Number of protein chains: 2
Amino acid sequence: MASTTPAHLTPRKRPRQARATATVDAIFEATIQVLLTDGPHRLTTTRVAARAGVSVGTMYQYFPHKQALFYALNERYLDDLAETVRNTCEARHGAPIVDMVQALVTTYWDAKTKRPEVTRALYRSVVELDNEALLEAFARRVDAATAAMFASASDAGFADLPVVNLTLLTTIFGSVRSVFERNLPADEAAAVRRQLILMCVAYLDAVRLRPDPPAG
Amino acid sequence: MASTTPAHLTPRKRPRQARATATVDAIFEATIQVLLTDGPHRLTTTRVAARAGVSVGTMYQYFPHKQALFYALNERYLDDLAETVRNTCEARHGAPIVDMVQALVTTYWDAKTKRPEVTRALYRSVVELDNEALLEAFARRVDAATAAMFASASDAGFADLPVVNLTLLTTIFGSVRSVFERNLPADEAAAVRRQLILMCVAYLDAVRLRPDPPAG
DNA sequence: ACCTGAACACCGTTCAAGT
DNA sequence: ACCTGAACACCGTTCAAGT
């Protein structure tokens, strides 16, 4: 992932001593806090620095500018999420296709819903800049994990797995974001989640290869 | 829609004279231009005003602050989009369900893809504030239009139409946004669009009510 | 190696003065 | 009714000076 990070978003310097590491961690934590309490619009560098207990100058030693802060925050978050999805996928290799879809949707959904305000804050913090590189790297990792899982399904094969896989991920990622954006009430959100699984299953069933009927 | 707009986002004053209307239009147009050429991050009020050929002060007579500009822009855009979708839906009343889904996905997708950079700029401009009210109003309108359409399907009925409808819209809106966010190459985007229709059809087929088999 | 905070440039917003 | 633009407060970013 690091290799895909545009240079202007890279931290200026990596923490080398213990206190520096503590500083960077404090800045991350402070950023989330300010994001949650004040919103992205009222998040100022001074405020974050104050909350982290350091001076602005210190912050700028590690992050070349404000957006780099958001970038690093999202990078951390997406790394985590990709890893979670990967684990889920590996554990389902060889399983029936329905189990896979259910596990995938549930894992992704739950990960996003665990701390909804953080998720929302992050969605909003990715305003600008080359977050595309970030999202691309994330998508690539998840893509690989789910494609490998689906390829191993015990009860289904697909003529064009890459397209099927891309469609599924696009739909799942998108739906979750949509639900957050509309801030749907919990019961409606839960209903959509159940239906989404149904939908993915119906789709996979429609596009999967069926064994030829015995010749005669 | 106007009734749901939060007060602090309302234009300060409505243009009453012809030259004022021209001013407001120029400001809108300038905002889009600056958004496209400089990006949301480098969009300053002075720059927009300059491009529109007015002074900053004038801008502030109509928009209480910068965000209100973005808000108004999105409002215009979503009004338009909702109307387009509504027309599509009305024209399909009584049609078979497959035609409906196909028309819905195609209309929405094409509307968003017609001017991709504008779409992207708008997605990014809705950073903050109560865009929720805006999106909610939009969703409500589209919701009503599609629900009425699906209820009139010549070849299908649904036990829980509201949930089915909500799921479909969440998926369609979300997928389109996902495709934009990842900036998928045209051929992959096209493939996803086709698959999305397939997916919706498979889903509707799975959840639709079938006539009871004749008793015996 | 790491931290500080005053200083600078710039941007959002206002308001007294104009037509 | 509509427009102007200098003025003000504030925020992002820097850098000389410190430990």
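Convention: sequence-line order gives letters A, B, ...; per-chain numbering from 1. Here the structure is a predicted model, which means the values were calculated and not measured.
When distances are taken from the side chain of Arg19(A) to each of dA1(C), dC2(D), dT13(D), the shortest belongs to dA1(C). With dT13(D), dC3(D), dT13(C) as the choices, the nucleotide that has an atom nearest any side-chain atom of His65(A) turns out to be dT13(D). Which of dC3(D), dC11(D), dC3(C) sits closest to the side chain of Tyr62(B) comes down to dC3(D). Which of dC11(D), dA1(C), dC3(D) sits closest to the side chain of Gln17(A) comes down to dA1(C). When distances are taken from the side chain of Arg16(A) to each of dC2(C), dT13(C), dA1(D), the shortest belongs to dC2(C).
Contact between the side-chain N/O atoms of Thr58(B) and the OP1/OP2 oxygens of dT4(D) is found at a separation under 4.0 Å. Between Tyr60(A) and the phosphate of dT4(C), there is no side-chain N or O to OP1/OP2 separation shorter than 4.0 Å. Here Thr46(A) does not reach the OP1 or OP2 of dC10(D): none of its side-chain N or O atoms lies under 4.0 Å away. Contact between the side-chain N/O atoms of Ser55(B) and the OP1/OP2 oxygens of dT4(D) is found at a separation under 4.0 Å.
Using a 4.0 Å heavy-atom criterion, one finds that Phe63(A) contacts no nucleic acid atom at all. No contact: Leu69(A) has no heavy atom under 4.0 Å from any strand. Looking at heavy-atom distances under 4.0 Å, Val54(A) makes contact with sugar-phosphate atoms alone, never a base. Heavy atoms of Thr45(B) sit under 4.0 angstrom from at least one base atom.
The main-chain N or O of Leu122(A) is found under 3.5 Å from a side-chain atom of Ser125(A) such that the two form a donor-acceptor pair. At distances below 3.5 Å, not a single donor-acceptor pair connects side-chain atoms of Ser152(B) with backbone N or O atoms of His93(B).
Going from atom CZ of Arg47(B) over to atom P of dC10(C) covers 11 Å, rounded to whole Å. Atoms CD (Gln67(B)) and C1' (dT13(C)) sit 14 Å apart, rounded to a whole Å. Taking atom CD of Gln61(B) as the reference point, atom C1' of dT13(C) lies 13 Å away to the nearest angstrom. Between Lys66(B) atom NZ and dC11(C) atom P the separation is 9 Å, expressed in whole Å. Summarising the geometry, the separation between CZ on Arg42(A) and P on dG12(C) is reported as 17 Å, rounded to the nearest angstrom. Here the P atom of nucleotide dC15(D) and the CE atom of Met59(A) are 17 Å apart, to the nearest Å.
Summarising the base pairing, dC2(C) is matched to dG18(D) through a Watson-Crick or G-U wobble pair whose two defining distances lie under 3.5 Å.
Ring centroids of Tyr77(B) and Tyr123(B) are separated by 6.0 Å or more, keeping the two rings apart. In this structure, the ring of Phe173(A) has its center less than 6.0 angstrom from the ring center of Phe138(A).
Under a 4.0 Å N-O distance rule, the pair Arg193(A)/Asp110(A) qualifies as a salt bridge.
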